[in-house]
Protein chains: 2
Amino acid sequence: MNISELAQHLDVAVSTVSRVLSGNAEKYRISQKTEQRIREAAKKFHVVPDPLGAGLRRGKIGMVGLLVPDITNPFFSHLARAVESKLRNRGIAVQLCDSNEDPETELDLLRNLMSRRLDGLIVAPVGVSGEQLASTLRRSPFPTILLDRILTGVDAPTIAIDNRAAGSLAANCLLELGHTSIGCLRGNPLSRSDRDRLAGVEDALQRKGDASPNLLVSGEGYSAEQSRAAAEALLQREDRPSAIITLSGQGILGTLEVAREFGISLPDELSLVAFDEQPWSPLVHPPLTTISQPIEKMAEKAAEILSSQLDGETSAQSAGSHIFEATLIKRSSVTIPC
Amino acid sequence: MNISELAQHLDVAVSTVSRVLSGNAEKYRISQKTEQRIREAAKKFHVVPDPLGAGLRRGKIGMVGLLVPDITNPFFSHLARAVESKLRNRGIAVQLCDSNEDPETELDLLRNLMSRRLDGLIVAPVGVSGEQLASTLRRSPFPTILLDRILTGVDAPTIAIDNRAAGSLAANCLLELGHTSIGCLRGNPLSRSDRDRLAGVEDALQRKGDASPNLLVSGEGYSAEQSRAAAEALLQREDRPSAIITLSGQGILGTLEVAREFGISLPDELSLVAFDEQPWSPLVHPPLTTISQPIEKMAEKAAEILSSQLDGETSAQSAGSHIFEATLIKRSSVTIPC
DNA sequence: CTGACTGGCGCAAACGTTTGTTCCATCGTA
DNA sequence: TACGATGGAACAAACGTTTGCGCCAGTCAG
């Protein structure tokens, strides 16, 4: 039953029912009595205004899109949950899309999302996304927020951590212990956050001056197979590094696997620092030193900015970048080199 | 720009544009020339029919809801990704909701989803959901599918594993090694799947007859804190079990933590079998023996059934339950009791 | 007694599609 | 020449809301 049928049933105008059910009863001076009558009948027959009709008329539908590269990545699933919950509090639903780390799929999905009549969009881009994604985003018909990965050439508000500083954080932790050869396992060389993290590592090394340790880099993809391959490449070298930093969250799994297969004793023969804290980080062997991102805060910020933009604010407060700091969680996977 | 503006621009009728853009050009005998002209202009101006208008008219919007208890639980995030991807192939979008394992939130969300004009619904209920959820689901205005957890009293198609058999599988693996005292760490005692898994364990024990081992049960919630507490309760007993089965995916984390704190040597002093295979299952210490669910297959089945229902089939093929088998992945976390 | 005001509500347009029906040429045939 | 077919496209109703405006009856002051 829709509100016009309900109106007919109660012998009032559709408009009256609409005003009551959308909470504008007093604004339009509907009498208490009529309001009560409508409310009760609506409850009795489970009548709720159809969002499609309302959306059509209002030009808003109370829903934003959320595009992530991989929902099975704990970083993004935590992000998704937080964003969804914060937005739900504000009466906004979330449509989820997962690009499976594939730029083509991402572009498809984005186009699809933009053709839908959403109120806004939160995009955590696949790292490698280039000019095509940017240009697509630029003509977004509604407020858009970039999450996790910075995209040059798009002036949407961006929420991310300071990846460069995070890279330095990871490297310094190893340098202080005297490591002289450090391996970096990248997620994807084309990814902006990956490059920034690596740059951060290099910053830290350069600050050591002449005593600057060796830096070995490997990796060309986020997938489990690619991570494994990169770890193998790093660990079967003659000049095997005494420590590895995995620049992407997934990289650590392959690294641990390979190290185990090669019979490398952890952490004595190989120290490890992993990006992204996970529930199981303290439980693997050895317990992992990780770089942890403030996911909740980032999601809160995203929801906050987006909903303020939905309320029609173009204020400077919401524009620009919002950069958070990552923190190092130290555990026994790092030690002095043998 | 919408299709009526485009029509005006091209000096054709809206209906003509609509028929071309929704792929019904030849059905309505639009000439090649007109079709081309419209197609090109549509591409040029990025015109796509507004789903709201179309949805309103058609009564369908090309979107289904997906309600899960916890998207950060790898089991559900894999499920979500698979479902989303399979449905996307069929041109259907997915709206995600996360109830955070809270029955109240779940009910709220469900009502919300049902008031939206969706085409269908996939629900993985919070275990404890009772009659209220069932009665809400019963008056669902569109096809609904139950995932992972069976709900008595709702005749929607259900997709799940045989939890009872899976419980036996876990128990047998320990019994064969001669364990005489087994602890079970439940997710939530009110959850149907939890009860089934426990029943499966009891089945296996009873088959041993007189030599039936001790069974200790603990746990009253899915949260990390509750899991920890349950593990503590189990491990600080005088008659500490020589093996633990964690009946819910999350339980193993707390168990490992507590075992480590208590200085229990794994697996010698305590064997472990965990429900739900995870990427890190082989990498923790000790590598975990797990019960693995065929997530992809389940998601595929869900998408298949739902989309066949969307095509208006009420066939017996899609009704009823679809029960899958779990498998045991054996690793070194189980051994003979000391 | 008249006029202005107000509380309470209905009217109707608009949002952007889809689709059954109608209409107008054009063509082939008788 | 006249007439039925047929291809091609326009017309208009319907989907379910929201909201500016107008209407009516009552109230109150002048």
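So you know, we letter chains A, B, ... as the sequences are listed, proteins then strands, and number each from 1. Only a predicted model underlies this, so the values are computations on that prediction, with no experimental measurement involved. These values consider heavy atoms only, across backbone and side chains, with no hydrogens, waters or symmetry-generated copies.
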- Message: Run the side-chain hydrogen bond (donor to acceptor under 3.5 Å, both in side chains) test against B/Arg90 and tell me which residues pass, sequence neighbours left out.
- Response: B/Ser307
- The complete set of salt bridge (Lys or Arg N to Asp or Glu O under 4.0 Å) pairs with one or both residues in residues 11-24 of chain A, sequence neighbours excluded, reads none
- Got a sec, which residues hit side chain to side chain contact (heavy atoms under 4.5 Å, CB included) with B/Glu5, two or more places apart in sequence or on another chain? B/Met1, B/Asn2
- Query: Who pairs with B/Phe45 by ring pair (Phe, Tyr, Trp, His ring centres under 6.0 Å), at least two apart in sequence or on another chain?
  - Reply: B/His9
- DNA chain C contacts among residues 110-117 of chain A, heavy-atom distance under 4.0 Å: A/Arg117
- Message: Once salt bridge (charged side-chain N to carboxylate O under 4.0 Å, His left out) is applied, do any residues pair with B/Arg138, and if so which ones, sequence neighbours excluded?
- Response: B/Glu131
- Message: Tell me every residue that passes side chain to side chain contact (heavy atoms under 4.5 Å, CB included) with A/Glu104, counting only those two or more places apart in sequence or in another chain.
- Response: A/Asp102
- B/S/- along nucleotides 17-26 of chain D (protein heavy atoms under 4.0 Å) is BBBB------
- Task: Any pair with a residue in residues 70-95 of chain B that passes ring pair (Phe, Tyr, Trp, His ring centres under 6.0 Å), sequence neighbours left out, goes on the list, sorted by first then second residue, please.
- Result: none
- Please round to 10 degrees the angle between the axis of the first five pairs and the axis of the last five pairs in the helix from C/dC1-D/dG30 to C/dA30-D/dT1. 70°
- Atom CG of B/Leu56 and atom P of D/dA14: how far apart are they, to the nearest Å? 14 Å
- Note on the structure: When rounded to whole Å, the CD1 to P distance for the pair A/Ile61 and D/dG16 reads 15 Å
- Query: Atom CG of B/Leu10 and atom C1' of D/dA9: how far apart are they, to the nearest Å?
  - Reply: 14 Å
Identify each donor-acceptor pair in which a side-chain atom of residues 29-41 of chain A lies under 3.5 Å from a protein atom, sequence neighbours left out, and give them as a table.
residue	atom	partner	partner atom	Å
A/Ser31	OG	A/Thr34	N	3.3
A/Ser31	OG	A/Thr34	OG1	2.7
A/Glu35	OE2	A/Arg39	NH1	2.4
A/Arg37	NH2	A/Leu10	O	3.2
A/Arg39	NH2	A/Val20	O	3.4

- Message: Please tell me if A/Thr34 has a side-chain N or O lying less than 4.0 Å from either OP1 or OP2 of C/dG8.
- Response: no
List the atom pairs, with distances to 0.1 Å, where a side-chain N or O of residues 117-125 of chain A and a protein N or O form a donor-acceptor pair under 3.5 Å, not counting sequence neighbours.
residue	atom	partner	partner atom	Å
A/Arg117	NE	B/Asp50	OD2	2.8
A/Arg117	NH2	B/Asp50	OD2	2.2
A/Asp119	OD1	A/Ile61	N	3.0
A/Asp119	OD2	A/Ile61	N	3.4
A/Asp119	OD2	A/Gly62	N	2.6
A/Asp119	OD2	A/Met63	N	3.3

